[in-house]
Amino acid sequence: MSKTFGQKKNKEGNEVIVEENEENYNSEDALSSRKLSIQIKRNESVQNLEKQANKMKSLSERRFCEGNIGDSVKIKIPDVDRARSDLRSILAVIISMEDGNYKLGTTKGKLQHYYSRNQFTICKEKFVSVDEVPDIQLSLREAARLFSNLGGQGYDRCTCVQKCETRRCKCKAAGILCNSKCHSAGDAATACKNAICWLSEACDSCIPRSSSRRNNRSPVPWWNPAIAEHRKLCIKARSAYTRKVKKAGEAGSVAERQTYKDQRKALTIQILEAKENWNTLCAQVDNDPWGLPYKIVMRKLNRRKPIPGLEIPGRLEGIIETLFPKRTVTDRSLLTVEEDELYEAKFTAAEIRVLTGRGCFNEYQLKYHRRESGECTQFGATPDSVEHAVFACDAWHNWRREAC
């Protein structure tokens, strides 16, 4: 290791010769050169960022022309600041400009924040003037609410990535369900689940559920009123037994204990019999579908309210007479016709068709699918009926003249 000598001033200000190593000089030179290279790279990165910013600014200026004071503009309202039926944008006017940012105002007041050129669209026509803007400061959501017909934004929105099951979720904290504006990923399963919950809540609010469950026990088909009554007696005997034990102990509650055992045994036997009867009834469904199970079900389904007062004497007869009134029998004796009169009363075939309405009329033959249309061939849209043939149709003109 080589040594070097140098001069250095002491505390009194006199120069003193000191020994220094060459390694110290080499480390200081490397550190200074590294600092210099870092500073050069930082300056280059700043220059590159400035170039990129100027390039983006020039592209934005070419794409969006500069606005002037008094120009009418259209501002888009974010989804979270408006209701579903509200306007998607509002009309405003440029009030002032400052460093490339614009101060906008509406007919309801001035907007609080400055807007850049790419946040609004300039309209070709002038819809709002500067004089129409009142001196009131308001936010974009307040402006959207004032222009709304339904009161503006009426829901909250969360941006949870995972399931909304904790109080960190805005919707969960507010006690509401997540809506279609939540979760920008658009999970279809979550949307379906929320829709089912909304429908269930709407149904429950309109028609409350009639639940007979107690102690979270689901109902069973074999339960009957006799078992319920016996269960009450069993619970009553158990309560009496426990009270007696607390007062007199096990030795003094022998009778109550035996009573409780008998009641519990009787209840168990009754439940087993009910279950066996229910299983037998279910087995009959497979063996005889139209037997006792079918009759039981149909009797329950066709249950009707009895007619009031049916047991009163004469009530049933009065109902029958009202529904089916009796009518007097009319005299329908046949008229006698002499043989000479029978031969004199002759009708032609055409007259019989006219009197009966059954013949070559298209309207009549259409009923039996012998004609494709029931209209008259002479008059077109007119239906070919008996009245039309007798009084209007030209095809029956000769017969009409002979008959008259």
Going through the checks in order, is the side chain to side chain contact (heavy atoms under 4.5 Å, CB included) test met by T106 and L91? CA-CA 7 Å; T106 64; L91 293 175; over 6 Å; no
Are the side chains of I94 and L104 in contact, using a 4.5 Å heavy-atom criterion? yes
Side chains of L272 and T268, heavy atoms from C-beta outward: is any pair under 4.5 Å? yes
G70 and V130: which non-hydrogen atoms are nearest, and at how many Å? CA-CG2, 4.0 Å
Sequence neighbours left out, what passes side chain to side chain contact (heavy atoms under 4.5 Å, CB included) with N118? Give chain and number order. F64, S116
Sequence neighbours excluded, which residues qualify as side chain to side chain donor-acceptor pair (under 3.5 Å) partners of E98? Y114
Taking only residues two or more places apart in sequence, or in another chain, which ones meet Q258 in a side chain to side chain donor-acceptor pair (under 3.5 Å)? D262
Identify the heavy atoms of C123 and V73 that sit nearest to each other, and give their distance. SG-C, 4.0 Å
Looking only at atom types and distance, does a side-chain atom of K103 sit under 3.5 Å from a main-chain N or O of Q112, one as donor and one as acceptor? yes
Nearest non-hydrogen partners of S32 and D29, listed with the distance: OG-O, 2.8 Å
Nearest 0.5 Å, please: how far is NZ in K74 from CG in L87? 11.5 Å
Value rounded to 0.5 Å, distance of CG in N48 from CG in N43: 11.0 Å
Got a sec, which residues hit side chain to side chain contact (heavy atoms under 4.5 Å, CB included) with I40, two or more places apart in sequence or on another chain? L36, E44
Straight-line distance of R145 CZ to S139 OG, nearest 0.5 Å: 8.5 Å
Just grab all the side chain to side chain donor-acceptor pair (under 3.5 Å) pairs involving residues 239-250, residues at least two apart or on different chains. Y241-E250
For Q284, enumerate each residue passing the side chain to side chain donor-acceptor pair (under 3.5 Å) test, keeping only those at least two apart in sequence or located in another chain. none
With sequence neighbours excluded, what pairs up with E229 under the side chain to side chain contact (heavy atoms under 4.5 Å, CB included) test? K232
Can you list the residues that meet the side chain to side chain donor-acceptor pair (under 3.5 Å) rule with D99, with sequence neighbours excluded? none
Rounding to 0.5 Å, atoms CD (Q119) and CG (N101) come to a distance of 8.5 Å
Just jot down the side chain to side chain contact (heavy atoms under 4.5 Å, CB included) partners of A143, sequence neighbours excluded, or say none. I90, L111, L138
Should V46 and R42 count as side-chain neighbours, where that means a heavy-atom distance under 4.5 Å? no
I'd like to know if the side chain of R82 reaches the main chain of S148, judged simply by a donor and an acceptor atom lying under 3.5 Å from each other, with no hydrogens or angles considered. no
Does T259 use its side chain to pair, donor to acceptor, with the backbone of A255 at less than 3.5 Å? yes
Nearest 0.5 Å please: distance from the CG atom of L267 over to the NE2 atom of H230. 6.0 Å
Compare every heavy atom of S253 with every heavy atom of G249, then report the nearest pair and how far apart it is. O-OG, 2.9 Å
Is there a side-chain contact between L140 and P78, using heavy atoms and a 4.5 Å cut-off? yes
Within residues 270-294 or reaching into it, pairs that qualify as salt bridge (Lys or Arg N to Asp or Glu O under 4.0 Å) - sequence neighbours excluded: none
Check whether D71 reaches the backbone of N68 with its side chain - one donor and one acceptor, N or O, closer than 3.5 Å. yes
Under 3.5 Å, side chain of S72 to main-chain N/O of V128, donor-acceptor pair present? yes
Please report the C-alpha distance between T107 and F147 in whole Å, then the side-chain angles of each, then the deciding distance to 0.1 Å, and finally whether the side chain to side chain contact (heavy atoms under 4.5 Å, CB included) criterion is met. CA-CA 10 Å; T107 55; F147 282 103; 3.4 Å; yes
Which is it for I196 and S200 under the side chain to side chain contact (heavy atoms under 4.5 Å, CB included) test, yes or no, and what are the steps along the way? CA-CA 6 Å; I196 293 173; S200 302; 4.2 Å; yes
In short, ring-ring contact (aromatic ring centres under 6.0 Å, His included) pairs touching residues 119-139 with sequence neighbours left out are Y102-F120
Could you note down all residue pairs passing salt bridge (Lys or Arg N to Asp or Glu O under 4.0 Å) where residues 108-119 supplies at least one of them, sequence neighbours left out? K110-D135
Out of curiosity, E142 CD to Q137 CD, how far, rounded to the nearest 0.5 Å? 10.5 Å
